[in-house]
Amino acid sequence: MKSPPSPSSRPDGRPDARRNRAGRPDRRGGRVAPDPTRDIAFDIVEGVIVHRRMLDTSLEHSAAARTAEPRDRAAAHRLAATVLRHMGTANEVLAPFLKREPPEPVRVVLLIGVAQLLFLDTPAHAAVATSVALARRRGLVPFAGLVNAVLRRVAGGGTEALEGLDQPRLDVPAWLWQSWGRLARPIASALGHEPPLDLTIKPGCDAPPGGEVMPNGSVRFAAGSVKVAELPGFAEGTFWVQDMAATLPARLLNVTKGERVADLCAAPGGKTAQLACAGAEVFAIEREGRRLERLRANLARLGLESVKVIHADAAAWKPEAPLDAILLDAPCSATGTIRRHPDAMWIKRPRDITTMTEGQDRLLAAARDMLRPGGRLVYAVCSLQPEEGEQRARAAMAMGLVPDPFTPEELAFLPQARTPEGWLRTHPGMLADRGGMDGFFAARFRRG
């Protein structure tokens, strides 16, 4: 499909009045008021679906975000995430009102409008008016009438437009739906909801009041109900943010005081903190510079200065002496965290999985060689893809690692997550009535 001509200038080289960034005149001589929330949301959604940039990367590329207030950035993030969470359904709602495919920037504006109308309870007049204004600011004045007409028709139908639509199926790309097999529907049904906030409490510390204690001991708050940095104990380092499923791999490594343990690919540091709080001598390995900074900052807030943070590629790093245990939370497609990062659905492709599995095998082989005989390894990924989970566990066995299944007693608090092989498999549809959880796979091995 073709995009409209660049609106930056007229054929005679003079500025075109259609170029309507915040506060600039439109071709009729009026002015369009600035709206940082929707401008940032436009940049994010366009970055994801047109340029295949991750949501956070698109946010960094947004010129509007650089000068916006924190509350506007937060509102824009929520609006953009809502668009991405319900994009299949929104496109289905728009289809009857579009005689031909609009340029991608126009579709982005329409998607933002539909998200406000149907999923965020924005008053109809505000959703339509702000979307028309957004089109004008983005140099799409010739399409402002189309945006106005289409969104007015959507608003006129209200939420009845959603009746009869299979939203979970529409909102997940076909290749992902197929790859999840019988779990596709419970997973997809959970992806339409903003996830709760889970905290891991530092041993010996009190949890912030008002949360629900989950079966694994995490403390859960409803989505949007609290601001993490304002909770009692944040500045003192009494807790850290960590989805309940993400706590399980480190827990199942069963480290004891004094053991020499490596957390490979350690940032942002939640699992590192678990291992350190268990009394282990922890080596936290991280390759990426920005993630390393975040890891150091998180450990400093928690007062865990004993952790040895090492800037290195985990596939190449060698410990001075063989280790007792290793946690390998490997880089992956992250499809298990789509509730939090809905952009992943629209950026990842099947071929990306192959690239990821090759890296995972290299890390598994490196981790094996770091262990002492009899040493333990937990391999984990925040992925729902069998290629990165179950198939990699079988690849680990082919490398000579000996299976060490999780026992029913170890997972007695979440028995549905234990597979027949003794592996761990969680997904967003588990404990759906209590807010669900991220998707994780984990398997434990010993070096023979």
Side-chain angles (χ1 to χ4, degrees), residues 199-205 207 214-218 237-240 242-286 295 298-299 302-310 314 317-330 363-364 366-381 393 396 400-415 417-418 422-424 426 440-448:
L199 305 180
T200 299
I201 310 303
K202 193 174 179 181
C205 295
M214 301 302 288
N216 68 315
S218 293
T238 62
F239 63 82
W240 58 93
Q242 189 178 29
D243 185 84
M244 68 168 289
T247 69
L248 304 182
R251 173 177 180 151
L252 293 168
L253 189 57
N254 293 330
V255 300
T256 57
K257 187 175 182 178
E259 283 193 309
R260 300 177 70 254
V261 180
D263 182 4
L264 307 182
C265 315
K271 299 177 185 66
T272 303
Q274 286 180 269
L275 299 173
C277 288
E281 179 185 358
V282 183
F283 302 88
I285 317 302
E286 180 54 53
L295 171 65
N298 287 338
L299 293 175
L302 296 171
L304 298 175
E305 292 87 357
S306 64
V307 174
K308 298 174 179 64
V309 178
I310 299 170
W317 178 71
K318 304 290 184 184
E320 293 181 359
L323 299 169
D324 297 303
I326 292 174
L327 175 62
L328 171 54
D329 184 2
L363 287 166
L364 275 166
R368 174 199 59 198
D369 295 341
M370 298 175 195
L371 286 170
R372 63 168 174 78
R376 308 181 308 286
L377 165 67
V378 165
Y379 167 79
V381 284
L401 286 163
V402 180
D404 183 12
F406 304 128
T407 67
E409 291 73 23
E410 288 177 296
L411 286 171
F413 60 91
L414 195 66
R418 185 177 181 272
W423 300 330
L424 173 81
T426 67
F440 261 85
F441 173 87
R444 188 171 59 203
F445 304 92
R446 291 186 181 272
R447 182 173 181 178

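As the structure is a computational prediction, the values presented were derived from the model and not from experiment. Just so you know, residue 1 is the first one in the sequence shown, and it goes up from there.
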### Atom pair OG1 (T247) and CG (L199), whose distance is rounded to the nearest 0.5 Å
12.0 Å
### Query
What closest approach, in Å, do G269 and L299 show between heavy atoms, and which atom pair accounts for it?
O-CD2, 4.4 Å
### Query
Heavy-atom distance under 4.5 Å between the side chains of L328 and P249, does that happen here?
no
### Message
Would R251 pass as a cation-pi partner of F413, given that its NZ or CZ must be under 6.0 Å from the six-membered ring centre and within 45 degrees of the axis?
### Response
yes
### Query
When rounded to the nearest 0.5 angstrom, what distance separates NZ in K202 from CG in L304?
5.0 Å
### Query
Checking salt bridge (charged side-chain N to carboxylate O under 4.0 Å, His left out) for the pair R376/D404: CA distance, chi angles, key distance, verdict?
CA-CA 8 Å; R376 308 181 308 286; D404 183 12; 6.0 Å; no
### Task
Considering non-hydrogen atoms only, spot the tightest contact between G237 and L302 and give its length.
O-CD2, 3.5 Å
#### Entry: side-chain contact (heavy atoms from CB on, under 4.5 Å) between W317 and I310, worked out
CA-CA 9 Å; W317 178 71; I310 299 170; 3.8 Å; yes
#### Entry: Side-chain heavy atoms of D329 within contact of F440, under 4.5 Å
yes
### Query
Within a strict 4.5 Å, meaning less than it, do heavy atoms of the L323 and F283 side chains meet?
yes
#### Entry: E281 with K308: basic N within carboxylate O range, under 4.0 Å
yes
## Note on the structure
Scanning both residues in full, the closest heavy-atom pair of N216 with S218 reads ND2-OG, 2.8 Å
### Query
Hey, what do you get for CG (L248) to CG (D243), rounding to the nearest 0.5 Å?
9.0 Å
### Message
With side-chain contact (heavy atoms from CB on, under 4.5 Å) as the criterion, how do N254 and E410 come out once you've worked through the C-alpha distance, each side chain's angles and the decisive distance to 0.1 Å?
### Response
CA-CA 10 Å; N254 293 330; E410 288 177 296; 2.7 Å; yes
### Summary
V378 and R444 have their tightest heavy-atom pair at CG2-CG, 3.9 Å
### Message
With heavy-atom distances below 4.5 Å as the criterion, would you say the side chains of R368 and F445 are in contact?
### Response
no
### Query
Side-chain contact, heavy-atom cut-off 4.5 Å: D324 with T256?
no
### Query
Between R260 (side chain) and P319 (backbone), is there a donor-acceptor pair under 3.5 Å?
no
### Query
At what distance, to the nearest 0.5 angstrom, does CD of Q242 lie from OG1 of T200?
3.5 Å
## Note on the structure
Note: R447 and D369 closest approach over all heavy atoms is NH1-O, 3.5 Å
#### Entry: Side-chain heavy atoms of L264 within contact of M370, under 4.5 Å
yes
### Query
Which heavy-atom pair separates V307 from A284 by the least distance, and what is that distance?
CG1-CB, 3.8 Å
## Note on the structure
When rounded to the nearest 0.5 Å, the distance separating CZ of F406 from CG of L424 is 6.0 Å
### Message
Side chains of Q274 and L327, heavy atoms from C-beta outward: is any pair under 4.5 Å?
### Response
no
